[in-house]
Amino acid sequence: MSSGPAAGLATRLDPAAVEAEGWDRWESARAFETEVDPGGRTRPDGDPRREPFTIVIPPPNITGRLHMGHALNNTIQDVLIRYRRMEGRDALWVPGTDHAGISTQTVVRKHLDAEGVDYRELGRDAFIARVWEWREEFGGVILEQLRKLGASCDYRRTRFTMDEGLSRAVRTVFKALYDRGLIYRGKRVVNWCPVDRTALSDDEVETAPEGEPGHLWSIRYPLADDPRHHLTVATTRPETLFGDVAVAVHPEDARYRGFIGRRVQLPLTGRVIPVIADSGVEREFGTGCLKITPAHDPHDFEIGERHGLEPLNVMNEDATLNDAAPEAFRGLDRYEARREAVEALEAAGLLQAVTPHQVPLGRAQRSGAPIEYRLSDQWFVRMRPLADRALRRSGFEKGEAGWEKVREGELRFHPARWEQVYARWLIEIRDWTISRQIWWGHRIPAWHHRETGEVAVGVETPAEVLADPGAWRQDEDVLDTWFSSWLWPMSTLGWPDDTPDLARYFPTSVLSTDKGILFFWVARMNFAGIEMTDRLPYRDVYIHPTVLDERGAVMSKSKGNGVDPLAVINGATLAELKRPVEEARPTNMKELLRRVERNFPDGFEGVGADALRFTLVRLCSEGQEMRLSLSKFHEIGRRFLTKLWNASRFALIALDEIDDEGPLGEPQAEDRWIVSRANACASEVRRALDSFDFAAVGAVLYRFVWNDFCDWYVELAKVRLRSGPEAARRTAATLGGVLSDTLHLLHPVTPFVTEHLFARLRLAMDRKDLWDGERPEADLLTRSAFPDGRGRRDRKLEERFEALQRLVSGVRKLRADAGLPPDLRLRVRVEESPDLPGFGALLAECREPVASLARLTSVSVVPPGGAPSPPGLGPGAAGRVSIVDPAFEAQTVLGEAGDLEALRHRVERQLGRLGKERESTRKRLSNPGFLAGADPAVVEQARGRLASLEDQTERLRELAGQLGGGR
RNA sequence: GCGCGGUUAGCUCAGCGGCAGAGCACCUGCCUUACACGCAGGGGGUCGCAGGUUCGAAUCCCGCACCGCGCACCA
């Protein structure tokens with residue numbers, strides 16, 4: 001064979017070249033544009049009758065860089081989109097980015113810091129202009145990176161959460177919810193980040209489950225009218241005592257009953273505050289006396305409100321103490337103030353005890369700073385009514401025992417268990433703080449009257465404001481980033497306008513995302529969809545596993561343990577591999593670096609986007625986690641694609657070498673077998689895709705390509721290709737046809753390589769006119785029809801073929817066990833068993849290729865019961881041995897070359913195994929309970945099994961006798 | 001504290017009521033004209049522990065242990 005230019009395939013897969021070619025072809029064919037364009041016009045070759053299938057991308061932050069979680073999530077989405085597109089749906093994948101309020105503001109602020117510019121001095125408008133400039137320059141990087149991955153988005157529809165249309169959507173929802181009483185403004189104790197100087201929602205605060213080490217200080221508050229007596233208050237935050245407005249005890253706490261209604265003197269200040277009774281106090285905790293600081297603790301705020309106490313705010317925005325504190329403490333950071341306060345208390349003899357204590361300390365998710373509770377005016381979304389509606393849509397109803405699932409919901413989670421996590425959050429939901437005291441974001445569309453305090457809210461500037469602009473000022477705050485994200489599936493398609501896109505593509509089909517934003521995003525999108533359109537924004541929600549490093553730790557930039565998807569695709573030098581670790585400076589940096597050096601002394605050779613994708617899909621099982629290391633991408637993805645590449649080369653070379661025309665032979669048994677297997681593969685792949693079982697998609701395809709196609713069919717085909725022009729043409733047609741199906745099935749997962757291979761295969765098949773009536777219509781694989789999975793399977797044939805495979809393996813084993821040279825050719829006589837009718841015929845049909853695979857000089861087939869053996873194979877022949885199989889007995893003669901002792905040993909082992917199984921089966925069958933209780937089919941199966949085991953045992957004993965006799 | 005996952009071969013994971021599986025790693029033999037990123041053969045597991053249900057349990061139920069994740073917070 002020559003691998004002449006006609007084969008048209010490089011000897012080695014070059015991912016970069018294949019990827020570039022892929023994008024060229026897809027783009028010039030506008031392959032990922034929808035049937036109907038955003039203006040409502042059908043594309044020239046489009047078909048508007050195709051049912052839409054829509055995914056909106058979880059918009060990455062404009063500050064983002066592609067990490068493995070993105071790679072996984074977007075691979076999944078692309079697999080789904082490409083699958084449905086090939087299936088004939090009008091597939092739309094909407095790309096876009098998120099303005100990411102706080103993170104972007106922080107990034108740009110740091111840039112300005114580096115230039116020596118103070119953003120506050122720059123002023124709001126100038127700062128925002130700088131952010132837009134930054135966004136123009138860097139904001140699109142992540143989408144470019146997604147393209148490298150092969151993301152088949154309709155890039156014409158790229159959206160940004162701060163686009164004019166999307167911003168109007170934000171204002172529209174704000175206005176609507178405000179008018180419906182679902183958005184309100186109020187003075188509440190909120191989570192405050194002193195670093196970013198803004199309020200945060202509860203979901204943006206993280207608390208270590210075991211708390212953080214701290215102290216519990218017991219402080220004496222002397223009675224105002226009798227300083228010899230005191231109450232001892234226990235607190236973890238002595239510095240907030242300046243904001244105390246009362247001391248509370250439990251009304252039924254006998255120890256303190258006499259103190260209720262009296263007054264104590266607040267240490268370090270001399271202020272006098274009342275002792276109140278409130279059942280919100282835990283008697284068991286600390287001393288049972290709780291200092292009430294309404295401005296700096298949500299629980300205290302509630303108690304304060306119940307008792308009509310005026311909160312006293314003692315802190316500034318940056319968590320330094322303000323002028324409400326005694327002079328000595330003003331301007332001190334809260335932790336300095338704590339040290340000083342404790343010292344002062346001790347000096348005053350008021351510090352009774354200090355005990356170590358684990359404190360449940362909340363930290364801002366983004367800055368990592370400990371949260372300060374701060375009383376301030378903020379905007380909130382009233383979540384209860386929204387959550388109730390969402391719960392009902394998921395089939396929950398509120399009964400005596402609370403919310404319960406009473407019927408099938410409209411939303412399907414995959415894996416299904418996420419629904420209860422979702423529902424639990426909805427049930428326990430609290431109001432959402434949506435105002436942020438930053439500049440980058442959607443400015444709250446509310447105006448305050450300078451005199452009256454009246455509030456005007458409008459999608460556009462309200463008329464009363466326009467009429468007297470000087471009397472009004474717009475609210476300074478911007479909205480939480482998620483306040484635009486929760487509209488994403490609607491707003492990207494044009495809502496609130498009644499656009500053709502919205503009419504056609506909303507609600508979308510599937511949402512794929514990380515479990516980390518189930519509450520932040522998924523739940524809230526449901527709320528917005530239901531509230532504004534009365535529809536859920538998608539039907540299925542897929543939650544992908546969390547990507548972990550090889551030792552089970554979550555990948556993160558700060559740990560330096562991430563595997564960079566772009567390094568996987570393009571490759572990286574040793575220095576490049578080390579860089580993220582060196583930048584992160586984790587505590588185990590040396591160890592990590594040593595590991596990189598040991599595993600990749602010469603760097604990492606890029607495996608390409610397809611190998612990255614295949615690996616991720618193959619490992620994407622329904623568990624909660626996915627452990628990854630750089631080497632996996634080579635082991636799984638690259639190896640598989642190389643195999644596919646080489647198998648395709650084989651097929652293309654075969655196609656090249658057969659006659660251009662001439663009659664096509666009848667399909668041989670192995671042709672029918674591989675077609676049956678390919679059909680099985682197609683239906684399993686479809687089932688797996690339909691049920692979001694991505695690991696199975698990968699596994700099924702891997703097994704089919706490697707084991708069925710390469711290990712068996714290709715090997716058999718080699719013989720047929722040499723046995724005459726008609727058989728060769730038939731074999732080439734099967735090779736090409738099955739490979740074509742395989743490329744179709746693989747395309748959603750490995751789009752670039754399959755598109756490349758398909759182009760060459762199609763050309764070759766056309767030239768030789770071998771499509772056999774199944775020529776794909778589309779030029780591009782990506783727009784070609786996905787195999788429907790309904791092709792015929794011949795299970796009987798597959799069963800017989802398995803016996804044939806066992807025969808070939810059996811001969812190989814025999815040769816290995818007997819210590820024969822691998823190239824020693826044998827003669828074999830195969831006697832059929834009545835248990836598998838048709839096996840003899842199959843074997844006869846495949847005599848030639850089987851002889852080749854098992855290295856046999858001849859294969860004779862005799863019916864059950866056995867015709868006379870040919871000379872030299874009959875009983876008594878020297879060195880005669882047989883392969884005992886449920887479906888046949890194959891005899892051969894090893895002559896003097898065989899190690900009969902080793903074979904005897906082998907037969908003994910086999911007898912041992914068989915004996916154990918025979919005993920357990922017999923025991924089972926003699927158990928009356930089994931006979932009575934088990935499914936009759938199972939009993940029948942066991943009977944058949946026992947018969948077969950007994951039969952094989954007998955034959956093996958006979959063989960053992962012969963081997964012994966030969967001694 | 002409450003909830004959700006996980007614990008199966010050295011490693012990564014499938015299997016989820018009726019003979020313990022795959023890939024990698026390991027051992028042996030092969031450069032067989034698609035592929036040594038390969039081919040053929042092989043060894044390797046009391047399915048976390050302890051009970052129960054069942055004729056039968058890796059699989060279902062109840063505890064326990066350990067690992068991971070989420071929610072809550074008694075100041």
Side-chain angles (χ1 to χ4, degrees), chain A residues 1-3 7 9 11-13 207 209 211 216 233-237 240 248 280-287 289-293 297 299-300 303 357 359-360 362 415 417-418 420-421 424-425 428 515-516 518-519 546 548 550 552-554 605 607 618-619 621-629 631-632 634-636 638-654 695-696 699 702-703 706-707 710-711 714-715 718 808-809 812-813 815-817 819 821-823 852-853 855 916-917 920-921 924 927-935 937-939 941-942 945 949:
Chain A
M1 280 189 202
S2 76
S3 48
L9 203 58
T11 348
R12 206 176 132 81
L13 162 61
T207 314
L216 196 59
V233 159
T235 179
T236 56
R237 301 210 52 197
T240 63
V281 178
E282 287 289 334
R283 277 173 278 183
E284 312 307 318
F285 187 86
T287 57
C289 296
L290 174 62
K291 70 190 208 56
I292 302 299
T293 323
D297 185 286
H299 184 227
D300 289 4
I303 295 178
H357 183 70
V359 187
R417 67 185 129 88
W418 289 108
Q420 62 169 310
V421 178
R424 211 179 132 94
W425 188 73
E428 293 166 6
K515 63 177 189 279
L518 189 57
F519 308 143
T546 304
L548 305 179
E550 61 208 296
V554 178
E605 191 191 349
V607 299
R618 179 68 193 82
L619 294 176
S621 51
E622 294 202 3
Q624 218 162 264
E625 295 152 3
M626 179 191 295
R627 280 199 192 200
L628 276 180
S629 61
S631 54
K632 287 266 183 229
H634 194 272
E635 273 169 30
I636 297 174
R638 182 64 209 247
R639 247 170 41 92
F640 175 70
L641 289 173
T642 303
K643 190 73 177 173
L644 178 72
W645 185 266
N646 285 314
S648 303
R649 275 189 67 216
F650 175 82
L652 287 168
I653 292 167
Y702 187 100
R703 271 201 300 274
W706 208 296
N707 304 126
C710 293
D711 289 349
V714 164
E715 293 306 319
K718 285 176 181 172
V808 172
S809 300
R812 289 169 176 163
K813 264 184 241 179
R815 201 179 267 114
D817 286 343
D823 53 353
S852 165
L853 291 200
R855 293 176 179 254
K916 258 164 73 180
E917 207 186 321
S920 77
T921 310
R924 225 163 18 128
N927 177 347
F930 176 65
L931 297 176
D935 185 333
V938 172
V939 176
Q941 198 189 327
R945 177 103 198 113
L949 286 166

Specify the closest pair of heavy atoms between A/R627 and A/K632, including all atoms of both residues, with the distance to one decimal. O-CE, 4.5 Å

Can you find a heavy atom in the side chain of A/L290 that is under 4.5 Å from one in the side chain of A/F285? no

What are the two closest heavy atoms between A/L216 and A/H357, and how far apart are they? N-CB, 3.7 Å

With a 4.5 Å cut-off on side-chain heavy atoms, are A/W418 and A/L518 touching? yes

Gap in Å between the two C1' atoms, one belonging to B/U32 and one to B/C26, rounded: 25 Å

Stem ranges of RNA chain B by first residue number, counting only runs of at least 3 Watson-Crick or G-U pairs under 3.5 Å, come to B:1-7 with B:65-71, B:10-13 with B:21-24, B:26-30 with B:38-42

In whole angstrom, give me the gap between the C1' atoms of B/A50 and B/A58. 16 Å

Heavy-atom pair with the smallest gap, counting every atom of A/V939 and A/A934: CG2-CB, 4.0 Å

OP1 or OP2 of B/C24 under 4.0 Å from side-chain N/O of A/H634: no

Taking the nucleotide of RNA chain B with the closest heavy atom to each, which residue, A/N646 or A/R618, is nearer the 5' end? A/R618

Please enumerate all residues that pass side chain to side chain contact (heavy atoms under 4.5 Å, CB included) together with A/P821, with sequence neighbours excluded. A/D823, A/L824

How many whole angstroms separate atom CZ of A/F640 from atom C1' of B/C24? 16 Å

Could you check whether A/R815 gets within reach of a base, just the sugar-phosphate, or nothing at all, counting any heavy atom under 4.0 Å? nothing

Would one find a side-chain N or O of A/R703 under 4.0 angstrom from OP1 or OP2 of B/A14? no

Whole angstrom is fine here: how far is it from CD in A/E715 over to C1' in B/C39? 8 Å

Taking atom P in both B/A9 and B/A72, what distance in whole Å separates the two? 37 Å

For a quick check of understanding: with a heavy-atom distance under 4.0 Å over all strands, which category does A/Q420 fall into, base, sugar-phosphate or nothing? sugar-phosphate

Shortest side-chain distance from A/S621, nucleotide among B/A14, B/G23, B/A75: B/A14

Quick tally for nucleotides 25-32 of chain B: nucleotides whose base has a protein heavy atom under 4.0 Å get B, sugar-phosphate-only ones S, the rest -, giving ----S--B

To the nearest 0.5 Å, tell me how far A/T921 OG1 sits from A/F930 CZ. 9.0 Å

Listed pairs, N/O of protein and of nucleotides 41-44 of chain B, under 3.5 Å:
unit_1: B/G41; atom_1: OP1; unit_2: A/S809; atom_2: OG; d: 3.4

Run the side-chain hydrogen bond (donor to acceptor under 3.5 Å, both in side chains) test against A/E605 and tell me which residues pass, sequence neighbours left out. A/R12

Which nucleotide, B/A34, B/C73, B/U12, lies nearest any side-chain atom of A/K632? B/U12

Could you tell me which non-hydrogen atom of A/G286 sits nearest to which non-hydrogen atom of A/A234, and how far apart they are? CA-CB, 4.0 Å

What is the separation between atom CD on A/E282 and atom C1' on B/G1, rounded to the nearest whole Å? 13 Å

Interatomic distance, A/Y702 OH vs B/C13 P [rounded to whole Å]: 17 Å

For A/T236, report the nucleic acid contact type (base, sugar-phosphate, nothing); a contact means any heavy atom under 4.0 Å. sugar-phosphate

Close side-chain approach of A/T240 to A/D297, heavy-atom, < 4.5 Å: no

Can you tell me the distance, in whole Å, between the CZ atom of A/R237 and the C1' atom of B/A75? 11 Å

From C-beta outward on A/D711, which listed nucleotide comes closest to its side chain: B/A34, B/A40, B/G38? B/A40

State, to 0.1 Å, how close A/R855 and A/R815 come at their nearest heavy-atom pair, and which atoms those are. O-NH2, 2.9 Å

Could you check how far CD1 of A/I653 sits from C1' of B/U33, rounded to whole Å? 9 Å

Classify A/V233 by what it touches in the nucleic acid, base, sugar-phosphate, or nothing, heavy-atom distance under 4.0 Å. nothing

For A/E715, enumerate each residue passing the side-chain hydrogen bond (donor to acceptor under 3.5 Å, both in side chains) test, keeping only those at least two apart in sequence or located in another chain. A/K718

According to side-chain hydrogen bond (donor to acceptor under 3.5 Å, both in side chains), who are the partners of A/K515, at least two apart in sequence or on a separate chain? A/T546

So, is A/K916 close to the B/A20 phosphate, meaning a side-chain N or O under 4.0 Å from OP1 or OP2? no

Taking the P atom of each, how far is B/A36 from B/C47, in whole Å? 41 Å

Tell me: CE of A/M626 to P of B/A14, nearest whole Å? 11 Å

I'd like to check A/L13 versus A/L644 (side-chain heavy atoms, cut-off strictly below 4.5 Å). Are they in contact? no

Qualifying residues under side-chain hydrogen bond (donor to acceptor under 3.5 Å, both in side chains), relative to A/R945, sequence neighbours excluded: A/E917

Classify the nucleic acid contact of A/V281 as base, sugar-phosphate or nothing, counting any heavy atom under 4.0 Å across all strands shown. base

The answer to which of A/W645 and A/G280 contacts RNA chain B further toward the 5' end, by nearest nucleotide, is A/W645

Closest non-hydrogen atom pair, A/A942 against A/R924: CB-NH2, 4.3 Å

A/E635 meets the salt bridge (charged side-chain N to carboxylate O under 4.0 Å, His left out) criterion, sequence neighbours left out, with none

Nucleotides 55-58 of chain B: which of its N/O atoms have a protein N/O under 3.5 Å away?
unit_1: B/C55; atom_1: O2'; unit_2: A/N927; atom_2: ND2; d: 2.3

Gap between atom OH of A/Y702 and atom CD1 of A/I636 - 0.5 Å precision: 8.0 Å

Looking only at side-chain atoms of A/L619, point me to the closest of B/G5, B/C39, B/U12. B/U12

Nearest-Å distance once atom P is located in both B/G6 and B/G17: 15 Å

Grab the CD-C1' distance between A/E284 and B/C73 for me, whole Å please. 17 Å

B/C66 and B/G18, which share atom name P, separated by this distance in whole Å: 32 Å

Taken in chain and number order and not counting sequence neighbours, the residues that satisfy side chain to side chain contact (heavy atoms under 4.5 Å, CB included) with A/A816 are none

When the C1' atoms of B/C61 and B/U54 are considered, how many whole Å apart are they? 11 Å

Please state the P separation for the pair B/C11 and B/A25 - nearest whole angstrom. 15 Å

Look at the side-chain N and O atoms of A/K718 and state whether any lies under 4.0 Å from the OP1 or OP2 oxygen of B/A34. yes

In B/S/- notation, 5' to 3', how is nucleotides 67-72 of chain B contacted by protein heavy atoms closer than 4.0 Å? -BSSSB

